[in-house]
Amino acid sequence: MRTGAQILWECLIGEGVKHVFGYPGGAILPAYDALCGYPEIHHVLVRHEQGATHMADGYARAGGGVGVAMATSGPGATNMVTGIATAMMDSSPIVCITGQVGSKFLGTDAFQETDITGITLPITKHNYLVKRAEDVAPTLRAAFQLARSGRPGPVLVDITKDAQQSSCEFDRSAYIPMALTEGKQNFDADQYATAIDMINASERPVILAGHGVLLSNAMDELREFAERASIPIAMTLLGIGGFPASHPLNLGMMGMHGEAWVNHAIQEADLLLAFGMRFDDRVTGTLKTYAPHAKKIHVEIDPAEINKNVRVDIALLGDVRQVLTRLIPDLAREDRQRWLHYIDELKGDSAVRDIQKLPDSGHLYAAHVIHDLWRETNGNSIVVTDVGQHQMWEAQYYKHEQPRSLITSGGLGTMGFALPAAIGAKFARPEAEIWVIAGDGGFQMTMAELATAAQEELDLNIAVINNGYLGMVRQWQEFFYDRRYSATPLLSPDFAKLAEAFGLLGITARSRNQVAPAIREARQRRGTALINFMVEQEDSVFPMVPSGAALHQMIRRPSPLVETAASEA
C-alpha cells in the first residue's frame with residue numbers, strides 16, 4: 001500500500017527523474033512530506049514558481065530529457081503559466097505537477113482553488129486532473145510519454161489533496177515508463193521522389209534549419225545532407241547550434257535581426273528546404289513578398305505547422321532525422337560553387353564581425369562584451385540568454401559550434417527566462433561552463449533566483465548587459481516613434497552589490513579593457529559570479545527588418561532609411 005503522494009515520487013524515480021524544481025504549499029504539502037522518504041530525488045527550492053518552470057525548461061533543453069516543476073494550488077499554479085507557455089512555444093518537454101484542493105471542494109471557490117487545467121489548456125500538449133490515488137501512476141506515465149514524444153512540449157498534472165493522502169496498492173517493480181510513440185510519418189514514395197527531383201534540379205537552394213534539427217538529434221544528418229548537395233544553411237534563432245558556426249556552408253541567422261546576406265539569399269533562392277522550423281513572422285517578414293521565386297519543401301513532425309503560415313510545394317511529415325536519412329542516399333552530389341560564391345559576394349565587408357579590431361573609443365558596447373566572452377571561453381560554454389537586444393547580439397557575436405549550447409526563449413520571448421533556465425541547465429549539465437546573458441530589465445524580473453543559485457552553491461556565471469533602458473523597446477521608439485522614450489528608461493540596483501548581498505561574487509566593468517579581466521576572474525572563482533557590464537545606452541541591433549516590411553528591406557545602420565522603412569511599414 002502507498003499513498004498517492006508516495007506513488008508520485010516512486011513514479012518520478014521510475015521515469016529517471018533526479019531533480020525537481022518547486023515551491024511547497026498547502027495543497028501539495030502531502031507530496032512534500034512524502035519526499036522525505038525519497039532521497040534519490042534532489043528538490044531545488046525556487047523563489048518563485050515561474051522560476052521553477054523555467055528551470056525545468058532549461059533542464060530539458062540542456063540535457064535532452066524531461067524537466068519537472070512542482071507547485072501548490074491557486075497562485076502557486078498560476079505563477080507557472082508564463083513558463084508553461086514558454087515551453088509550449090519552443091517545444092520543450094516539461095511535466096508540471098500542481099496540488100489542488102480536495103475533490104469535494106472542487107468548484108466551491110475554496111481557499112487557493114483555481115481551475116489550472118482550464119487555464120493551461122491552450123498552452124499545454126495536454127493536462128490532467130487526478131482525483132484518486134489509483135490514477136496517479138497511469139496519469140504520470142502518460143504525461144511523461146506525451147511530453148517527450150512527437151513534437152515535445154509541456155504537460156500539466158493537477159492532483160487533489162485527497163488523492164495525495166489516500167492509499168492504494170502500487171507495485172513499483174511493475175512500473176515501466178511508457179515507450180515513445182512515433183509521430184505521424186509520411187513516407188509516400190512519390191512525394192519523396194518529387195522532393196529529390198526538386199532538390200537535384202535546383203540552382204539556388206537554401207536550407208532553413210530550425211529547432212526541430214536539435215530536438216530530433218539530426219545534426220549529423222543535416223551536415224551530411226548539406227555537404228553532399230553543397231547547399232548553404234540559414235539558421236533560425238532556436239536552430240543555432242544544430243550546425244557548426246565555423247562550417248563554410250553555415251550562412252548564419254535569418255530573419256528580423258539576421259544577417260543581411262542570409263535574408264537576401266533566401267529572397268533570391270529557387271528552393272527552400274525547411275527542416276524543423278515553422279515559418280514564424282520573425283523569420284519571414286511580410287508573407288506577401290517572402291521568397292517569391294522559391295519552391296518550398298517542408299520537413300516537419302507536427303502536421304498543424306504544414307501550410308499554416310507559408311504554402312509549400314512538398315510536405316514530408318515526420319521526424320527530421322528519419323526524413324533526412326531517407327533522402328540522403330538519393331541526393332546528387334552537386335557543385336553549387338556559383339551560388340555559394342554569389343552569397344559570399346553578398347556578404348562583402350559586413351561579414352567581418354571581428355569587433356576586437358575596432359579602436360577603443362572609451363565606450364563599452366554590448367557587442368564588445370559578447371565577442372570577448374566568446375573569445376575567453378573559446379566558444380565552449382552553454383549560453384542562456386534573456387530576451388531583448390542582448391539576445392540578438394549573442395546570436396550574432398557568439399559562435400556556437402555544439403548543439404544545445406544556446407538556450408533562449410524564442411517563440412514567446414519571455415523576459416526573466418535566462419537566470420532560472422541557466423540554473424536548470426546547470427543541474428542537467430553540471431560539468432558544463434554556463435553563462436547567463438541578461439539585460440538589466442529582464443534580469444530584474446527573476447533576479448530573486450540568485451538566492452536559489454546561492455543556496456544550491458552552483459558554479460554559474462552571469463553577465464548583465466546594463467544599458468539603463470528596456471533596450472529593444474527603446475530601439476523601436478528610436479526608429480519609429482521619434483525617440484519618445486515612454487516608460488523605457490530603467491532604474492536598476494547595483495547588481496554587483498546585489499550579488500554580494502547573496503554571498504556571491506559581484507564585479508562591475510565600465511570600459512573595454514575591464515571586460516576580459518572580469519570574465520577571467522568570474523571563470524576562475526568557484527560559485528556563482530555576476531558581472532555588471534555598464535554598456536552604451538543608445539546602441540541598436542543591426543540589421544533589422546521593420547515590422548510589416550519584406551525580408552530584404554533591412555535597416556542596416558542609422559540613416560534616413562529608418563524613416564523610409566517606418567513609413568513603408
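One-based numbering along the sequence shown.
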Looking only at atom types and distance, does a side-chain atom of Thr72 sit under 3.5 Å from a main-chain N or O of Ala27, one as donor and one as acceptor? yes
Walk me through it: do Ile94 and Val68 pass the test side chain to side chain contact (heavy atoms under 4.5 Å, CB included)? CA-CA 6 Å; Ile94 66 173; Val68 180; over 6 Å; no
Would you say that more than 12 heavy atoms from the other residues, nucleotides or ligands in this model lie under 6.0 Å from the NZ of Lys497, or not? no
Backbone N/O of Ile382 and side chain of Glu433: donor-acceptor pair under 3.5 Å: no
Between Thr446 and Gly416, is there a donor-acceptor pair closer than 3.5 Å when you use the side chain of the first and the backbone of the second? yes
Does a sphere of radius 6.0 Å around CZ in Phe170 hold more than 12 heavy atoms from other residues, nucleotides or ligands, not counting ones at 6.0 Å or beyond? yes
Set out, in order, the CA-CA distance, both residues' side-chain angles and the distance that settles side chain to side chain contact (heavy atoms under 4.5 Å, CB included) for Ile531 and Ile462, then state yes or no. CA-CA 6 Å; Ile531 311 173; Ile462 303 164; over 6 Å; no
Assess the residue pair Lys18 and Glu40 against the criterion (salt bridge (Lys or Arg N to Asp or Glu O under 4.0 Å)); give the C-alpha distance rounded to whole Å, side-chain angles, the decisive distance to 0.1 Å, and a yes or no. CA-CA 7 Å; Lys18 293 181 173 58; Glu40 302 97 318; over 6 Å; no
Quick one: OG on Ser103 to NZ on Lys161, what's the gap to the nearest 0.5 Å? 12.5 Å
Aromatic ring proximity Phe275/His298, centre distance under 6.0 Å: no
Side-chain contact test, heavy atoms from C-beta onward, threshold under 4.5 Å: evaluate it for Val436 versus Asn461 and give yes or no. no
Using a strict cut-off of less than 4.0 Å between a Lys/Arg side-chain nitrogen and an Asp/Glu carboxylate oxygen, indicate whether Glu221 and Arg321 qualify as a salt bridge. yes
Just checking, any donor-acceptor pair under 3.5 angstrom between side chains of Thr452 and Glu449? yes
Salt bridge flag under 4.0 Å for residues Arg2 and Glu10: yes
Closest approach of Met89 to Leu412 (non-hydrogen atoms, all atoms of both residues): CB-N, 3.8 Å
Describe, in one word, how the ring planes of Trp9 and Tyr32 are oriented to each other, choosing from parallel (under 30°), tilted (30 to 60°) and perpendicular (over 60°). perpendicular
Answer whether the closest heavy-atom distance between the side chains of Phe111 and Val101 falls below 4.5 Å. no
Among side-chain atoms of Gln50 and Asn79, is any donor-acceptor pair under 3.5 angstrom? no
Test log, rule side chain to side chain contact (heavy atoms under 4.5 Å, CB included), inputs His54 and Glu49: CA-CA 9 Å; His54 290 329; Glu49 293 88 353; over 6 Å; no
State, to 0.1 Å, how close Ala69 and Met80 come at their nearest heavy-atom pair, and which atoms those are. CB-CE, 3.6 Å
Leu505 and Ile507, any side-chain heavy atoms less than 4.5 Å apart: yes
Where the side chain of Arg47 meets the backbone of Leu45, is there a donor-acceptor pair that is under 3.5 Å apart? yes
What about the rings of Tyr59 and His19, do their centers lie closer together than 6.0 Å? yes
So do the side chains of Leu12 and Ile41 get within less than 4.5 Å of each other, counting heavy atoms only? yes
Count the heavy atoms belonging to other residues, nucleotides or ligands that lie under 6.0 Å from CZ of Phe187, then report whether that count exceeds 12. yes
Between Thr3 and Ser167, do the side chains contain a donor N or O and an acceptor N or O under 3.5 Å apart? no
Looking at Phe105, I want to see if its CZ is surrounded by more than 12 non-hydrogen atoms of other residues, nucleotides or ligands under 6.0 Å. no
On a heavy-atom basis, which atom in Pro152 and which in Leu215 lie closest, and how many Å separate them? CD-CD1, 4.1 Å
Between atom CG of Leu458 and atom CZ of Arg526, what is the distance when rounded to the nearest 0.5 Å? 10.0 Å
Check: Leu208 and Thr236 side chains under 4.5 Å, non-hydrogen atoms: no
For the atom pair CG (Asp440) and CG (Asp386), what is the distance rounded to the nearest 0.5 Å? 10.5 Å
Are more than 12 heavy atoms, taken from residues, nucleotides or ligands other than Glu500, located less than 6.0 Å from that residue's CD atom? yes
Spacing of OG1 belonging to Thr117 relative to CG belonging to Asp158, to within rounding of 0.5 Å: 6.0 Å
Would the number of heavy atoms belonging to other residues, nucleotides or ligands and lying under 6.0 Å from CZ of Arg282 be above 12? no
Around atom CD of Glu113, are there more than 12 heavy atoms of other residues, nucleotides or ligands at under 6.0 Å? yes
Does Phe21 have its ring centroid less than 6.0 Å away from the ring centroid of His43? no
Are there more than 12 heavy atoms of other residues, nucleotides or ligands under 6.0 Å from atom CG of Asp109? no
When every non-hydrogen atom of Ala71 is compared with those of Ala77, the smallest separation belongs to CB-N, 4.4 Å
Any side-chain to backbone donor/acceptor pair from Glu15 onto Cys11? Under 3.5 Å, distance only. no
So Val155 and Pro93, do their side chains get closer than 4.5 Å, heavy atoms only? no
Is Ser405 reaching over with its side chain to a backbone N or O of Gln402, donor-acceptor style, under 3.5 angstrom? yes
Flag the pair Leu498 / Leu450 as yes when at least one side-chain heavy-atom distance between them is below 4.5 Å, and no otherwise. yes
Can you tell me if Lys426 uses its side chain to pair, donor with acceptor, with the backbone of Ala432 under 3.5 Å? yes
Glu394 versus His400, side-chain donor and acceptor atoms under 3.5 Å: yes
Hey, are Glu431 and Arg429 close enough for a salt bridge, meaning a charged N less than 4.0 Å from a carboxylate O? yes
Does the Trp393 side chain pair with the main chain of Val541, one donor and one acceptor, at a distance under 3.5 Å? no
Gln396 side, atom CD; Ile240 side, atom CD1 - distance, nearest 0.5 Å: 9.5 Å
Would you indicate whether the side-chain heavy atoms of Gln164 and Ile28 approach each other to under 4.5 Å? yes
Please test Met415 against Gln444 for side chain to side chain contact (heavy atoms under 4.5 Å, CB included), starting from the C-alpha separation and ending with a verdict. CA-CA 9 Å; Met415 293 176 67; Gln444 291 188 71; over 6 Å; no
Rounded distance (nearest 0.5 Å) linking atom CE of Met447 with atom CG of Leu419: 10.5 Å
Side chain Thr160, main chain Gly102, donor-acceptor under 3.5 Å: no
Assess whether a salt bridge exists between Arg61 and Asp90, defined as any Lys/Arg side-chain N lying under 4.0 Å from an Asp/Glu carboxylate O. yes
For Phe417 and Thr385 the tightest heavy-atom approach is CD2-O, 3.6 Å
Are any of the side-chain nitrogens in Lys131 or Asp135 under 4.0 Å away from the carboxylate oxygens of its partner? no
On a heavy-atom basis, the closest approach of Ile306 and Ala315 is CG2-CB, 3.6 Å
Do any N or O atoms from the side chain of Asn466 and from the backbone of Phe533 form a donor-acceptor pair under 3.5 angstrom? no
